[in-house]
Colleague: 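First the structure, which I've put down as structure tokens, then a few questions once you've had a look.
Just so you know, these numbers come straight off a predicted model, no measurement behind them. Numbers restart at 1 for each chain; the letters A, B, ... are given by sequence-line order, proteins then strands.
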Protein chains: 2
Amino acid sequence: MKIGELAKKSGLSAHTLRFYEKQGLIKVNNRSESNYRIYNNADLDTAKFIKRCRDMGFSLEEVEVFLSIRSDRPAHICADAKNITAIKITEVEDKISELQQILIALHKLSDACCGGNESAELCSIIDALDNDKEQDKTEA
Amino acid sequence: MKIGELAKKSGLSAHTLRFYEKQGLIKVNNRSESNYRIYNNADLDTAKFIKRCRDMGFSLEEVEVFLSIRSDRPAHICADAKNITAIKITEVEDKISELQQILIALHKLSDACCGGNESAELCSIIDALDNDKEQDKTEA
DNA sequence: ATAGACTTTAGAGTAGACTCTAAGGTCAAC
DNA sequence: GTTGACCTTAGAGTCTACTCTAAAGTCTAT
Ligand SMILES: [Zn+2]
Ligand SMILES: [Zn+2]
Ligand SMILES: [Zn+2]
Ligand SMILES: [Zn+2]
């Protein structure tokens, strides 16, 4: 199949597939007489593999490691794969915590403000962003 | 005070302060004879204001809006501030949901893998990334 | 044979928010 | 009077992962 078909079947764009190739994630073994990239089902599996990794939040660098494990499993150990996953879990958990802290702060900010058409002269959002003093009052 | 002191007191680097100035977020009114930027306490408050906005996840573009509300409150209404905040809340909530989905998938991936020093020939992480089939089995 | 869809390449552009560089000027202290 | 910390500028570089462009060649169907 040509790149357009691979794109459709893998869910990656042709641009992205060429980009991954340039990055060394995908190798293309076959070219047509007219120099078109020709892919087989194994290439489709690889493309899908990469997409699944990306969808789970792995960086291209991490995907590369997974690909190398996949391409020669006996040369790797389970710990190789699990460590990357564990690190990613920590990263995602940390990011979630950070966002939850932010969310709490945003709600606090939002809840105190009337959000109406009145002048912002007394707006508690601006007040809260403007200084460190506790001011847990809500606009009248 | 000069930029180094403002940096220390605001928690932003001198580079960042100059960058914000170039972006139009900060105006510097005073220069010393030797052309050094001279800041006052109002400038410090503005720098802190920006930092607080950034810490709450607002983009520089959003910070600009907050700054303009702050600089002329009567010309704005509470809704101006609250809308930005509400949108940000939605964004953060969406991002958290997305990360939680990813986290669940990562745990599923991780839990099935022994993570040991054995060959990755049967590694369930690679298996799971490699195809769509359900395979909720754990490595022996 | 001609339109329209597809493919090729190298390389530039995008996003957001910094971060750093080079080459020079200024200032306080010893 | 010199060291060393600080300041100035324009502009380039960083990061990640694409995304797009231009100009050319190829394929399929009518
Ligand atoms: Zn109000
Ligand atoms: Zn308000
Ligand atoms: Zn195992
Ligand atoms: Zn395993």
Colleague: If you count every heavy atom of other residues, nucleotides or ligands that lies below 6.0 Å from B/E21 atom CD, does the total exceed 12?
Modeller: yes
Colleague: Start at the 5' end of DNA chain D and walk down; is the nucleotide closest to A/S32 or to A/T16 reached first?
Modeller: A/T16
Colleague: Have a look at B/M1 and tell me which of B/L44, B/N40, B/I38 forms a side-chain contact (heavy atoms from CB on, under 4.5 Å) with it.
Modeller: B/L44
Colleague: How many whole angstroms separate atom CD of B/E5 from atom P of C/dC27?
Modeller: 16 Å
Colleague: Counting only side-chain N and O atoms of B/S13, is one of them less than 4.0 Å from OP1 or OP2 of C/dC18?
Modeller: no
Colleague: Going 5' to 3' on DNA chain D, which nucleotide is the first and which the last to come under 4.0 Å of a heavy atom in chain A?
Modeller: D/dA17 to D/dC27
Colleague: Kindly point out which of C/dC6, C/dT9, C/dT19 is positioned nearest to the side chain of A/R31?
Modeller: C/dT9
Colleague: As a quick check of understanding, evaluate side chain to side chain contact (heavy atoms under 4.5 Å, CB included) for A/K48 and B/N131, giving each step before the final call.
Modeller: CA-CA 8 Å; A/K48 282 182 178 172; B/N131 69 67; over 6 Å; no
Colleague: Please report the distance, rounded to the nearest Å, between CG in A/L17 and P in C/dT8.
Modeller: 10 Å
Colleague: From A/T16 OG1 over to A/R54 CZ, what is the distance, rounded to the nearest 0.5 angstrom?
Modeller: 9.5 Å
Colleague: Which value, rounded to the nearest 0.5 Å, describes the distance between B/N83 atom CG and A/C113 atom SG?
Modeller: 9.0 Å
Colleague: Would A/C53 and A/E62 satisfy side chain to side chain contact (heavy atoms under 4.5 Å, CB included), going step by step from the backbone distance to the final call?
Modeller: CA-CA 9 Å; A/C53 292; A/E62 289 157 345; over 6 Å; no
Colleague: Check the pair A/E5 / A/K2 against salt bridge (Lys or Arg N to Asp or Glu O under 4.0 Å), numbers first and verdict last.
Modeller: CA-CA 6 Å; A/E5 194 180 344; A/K2 284 177 289 183; over 6 Å; no
Colleague: By nearest nucleotide on DNA chain D, pick out whichever of B/E21 and A/H15 is the more 5' one.
Modeller: B/E21
Colleague: Return the value, rounded to whole Å, for the distance between atom CD1 of B/I50 and atom P of C/dA17.
Modeller: 12 Å
Colleague: Tell me: CD1 of B/I3 to C1' of C/dT26, nearest whole Å?
Modeller: 15 Å
Colleague: Is the shortest distance from a Lys or Arg side-chain nitrogen in B/D127 or A/R73 to a carboxylate oxygen in the other one below 4.0 Å?
Modeller: yes
Colleague: Please say whether the positively charged group of B/R31, taken as NZ for Lys or CZ for Arg, lies over the ring of B/Y36, i.e. under 6.0 angstrom from the six-membered ring centre and within 45 degrees of the axis.
Modeller: no
Colleague: Name every residue in residues 55-69 of chain A that has at least one heavy atom under 4.0 Å from any atom of DNA chain C, in order of residue number, or write none if there are no such residues.
Modeller: none
Colleague: At less than 4.0 Å, is any side-chain N or O atom of B/Y20 found next to OP1 or OP2 of C/dC18? Yes or no.
Modeller: yes
Colleague: I'd like to know if the side chain of B/S119 pairs up with that of B/E121 as donor and acceptor (distance under 3.5 Å, no hydrogens or angles considered).
Modeller: yes
Colleague: Could you state the OH-P distance from A/Y36 to C/dC6, rounded to the nearest angstrom?
Modeller: 11 Å
Colleague: C/dT19 P sits how many Å from B/Q23 CD, rounded?
Modeller: 13 Å
Colleague: Distance check needed: C/dC6 C1' versus A/Y39 OH, whole Å only.
Modeller: 13 Å
Colleague: How long is the line joining CG of B/L12 and C1' of C/dA17, in whole Å?
Modeller: 12 Å
Colleague: Any side-chain N or O of A/R37 under 4.0 Å from OP1/OP2 of C/dT8?
Modeller: yes
Colleague: Should B/R18 be listed as having a side-chain N or O under 4.0 Å from OP1 or OP2 of C/dA17?
Modeller: no
